[in-house]
2 protein chains.
Amino acid sequence: MMSLTIGKLAAAADVKVPTIRFYEQIGLLPEPVRTVSDRRAYDPAAVRRLAFIKHARQLGFPIEAIRTLLDLADHPERSCEDANSLAQEQLTTVETKIAQLEALRSELRRMVAAGCQGIAGDCRVIETLADHGLCGRDHSVPGRLSS
Amino acid sequence: MMSLTIGKLAAAADVKVPTIRFYEQIGLLPEPVRTVSDRRAYDPAAVRRLAFIKHARQLGFPIEAIRTLLDLADHPERSCEDANSLAQEQLTTVETKIAQLEALRSELRRMVAAGCQGIAGDCRVIETLADHGLCGRDHSVPGRLSS
DNA sequence: CCTGCATCCTCTAGTCGCTAGAGGATCAAG
DNA sequence: CTTGATCCTCTAGCGACTAGAGGATGCAGG
């Protein structure tokens, strides 16, 4: 019965302690056994599950998608259709976001390049913000990438 | 005394009505005059101010930065140093984020390309998520772009 | 054995930038 | 005069945590 404290688990998966409690609360991680003094005692498998979650989060998958993905990982006999489509969806999301950010980047570059040293009244940054007509109109902020 | 209702203002700046009330609440927009029946009555200048805010938000500037930027726009005699550095900062943020997303994109592409038709047990998507060692280790999700 | 500090526990509230909805008043067109 | 759109305030919710209060426990050194 080699079990881990929440702190050890956190260190092992490089995740913060409160995050683990949070994942438990929302049902991504199962409730672990408790010691007599009510501390969480994890078995080593928890490290892999948590690492899975962490990796998926790093890739930007939303929690709900991760729930599905974990479920699939827990039931290897099911069809992996969902996993494929979630990955495809996430790829599309990321690609869209990159495109939008590239548009922002180019306008910001123009603003910064035109940067001024004087007073706000003559500032190109302020001016650009004040008049959208001054710039390529095709940017808009990406929706959040689930993070 | 050509004044606008909140709805007209919203339409004019292409922003939602509750968003305007929200901006007022946090002090980005000044409290407008009220009619006898307690409705907000905006003067046309409000459209420009709101458009300024909208544009800055589209570029990903956080509210606090916009506060500074608006302040500068209101006081054209001040130095625009802050505007320049905020823009530079924002550019850096966006560039960092693009780089991170590009790393995500390439891993997601690999996952999707290896996509499987079978059961979850053999699924490369699941497998990749389970074992971070299988992929280039250099991605991590961008912090939010104040979006 | 004792001290002291690290770690653990639960709970609540805060982050960011809105968005949604309840419950009600008012306006404008037909 | 009625109907439906718009307005008002207020509260709560989103996602994915993060921070902090206030207290209990565990562990290592002296």
Would you kindly give the CG-to-P distance between A:Leu28 and D:dG15, to the nearest whole Å? 12 Å
If you look only at distance, which donor and acceptor atoms sit under 3.5 Å apart when one is on a side chain in residues 22-31 of chain B and the other is two or more places apart or in another chain?
from    : atom 1 : to      : atom 2 : distance (Å)
B:Glu24 : OE1    : B:Arg40 : NE     : 2.8

Once salt bridge (charged side-chain N to carboxylate O under 4.0 Å, His left out) is applied, do any residues pair with B:Arg67, and if so which ones, sequence neighbours excluded? B:Glu64
State which residues pass side chain to side chain donor-acceptor pair (under 3.5 Å) with A:Arg49; sequence neighbours excluded, sorted by chain then number. A:Asp74
Taking 4.0 angstrom as the limit, do B:Glu127 and B:Arg124 come out as a salt bridge? yes
Measuring to OP1 and OP2 of C:dC18, would you say a side-chain N or O of B:Arg57 lies under 4.0 angstrom away? yes
Tell me every residue that passes side chain to side chain contact (heavy atoms under 4.5 Å, CB included) with B:Val15, counting only those two or more places apart in sequence or in another chain. B:Ala13, B:Thr19, B:Ile20, B:Leu50, B:Lys54
Under 4.0 Å protein heavy-atom contact, by nucleotide of nucleotides 25-30 of chain C - B base, S sugar-phosphate only: BBS---
If you compare every side-chain N and O of B:Arg40 against the phosphate oxygens of D:dC8 (OP1, OP2), does one of them come in below 4.0 Å? yes
Side chains of B:Leu104 and A:Gln58 in contact at under 4.5 Å (non-hydrogen atoms): no
Could you tell me which residues satisfy side chain to side chain donor-acceptor pair (under 3.5 Å) with A:Ser85, sequence neighbours excluded, listed by chain and number? none
May I have the distance from B:Leu29 (atom CG) to C:dG17 (atom C1'), rounded to whole angstrom? 14 Å
Can you list, by residue number, the residues of residues 16-25 of chain A that have a non-hydrogen atom closer than 4.0 angstrom to DNA chain D? A:Lys16, A:Thr19, A:Phe22, A:Tyr23
For B:Glu102, side chain to side chain contact (heavy atoms under 4.5 Å, CB included) partners two or more places apart: A:Ile98, A:Glu102, B:Ile98, B:Arg105
Residues in side chain to side chain donor-acceptor pair (under 3.5 Å) contact with A:Ser79, at least two apart in sequence or another chain: none
Figure out the CG/P separation between A:Leu4 and D:dG26, and round it to whole Å. 17 Å
Short side-chain N/O contact from B:Arg67 to OP1 or OP2 of C:dG17, under 4.0 Å: no
So salt bridge (charged side-chain N to carboxylate O under 4.0 Å, His left out) across residues 77-94 of chain A, not counting sequence neighbours, yields A:Asp71-A:Arg78
Measure from CD on A:Glu64 to P on D:dA16 and round the result to the nearest Å. 8 Å
Can you list everything that forms a side chain to side chain donor-acceptor pair (under 3.5 Å) with A:Arg48? Sequence neighbours excluded, please. none
Residues of residues 5-15 of chain A with any non-hydrogen atom less than 4.0 angstrom from an atom of DNA chain C: list those, numerically ordered, please. A:Thr5, A:Ile6, A:Gly7
Rounded to whole angstrom units, what separation is found between the CD1 atom of B:Ile26 and the P atom of C:dC18? 8 Å
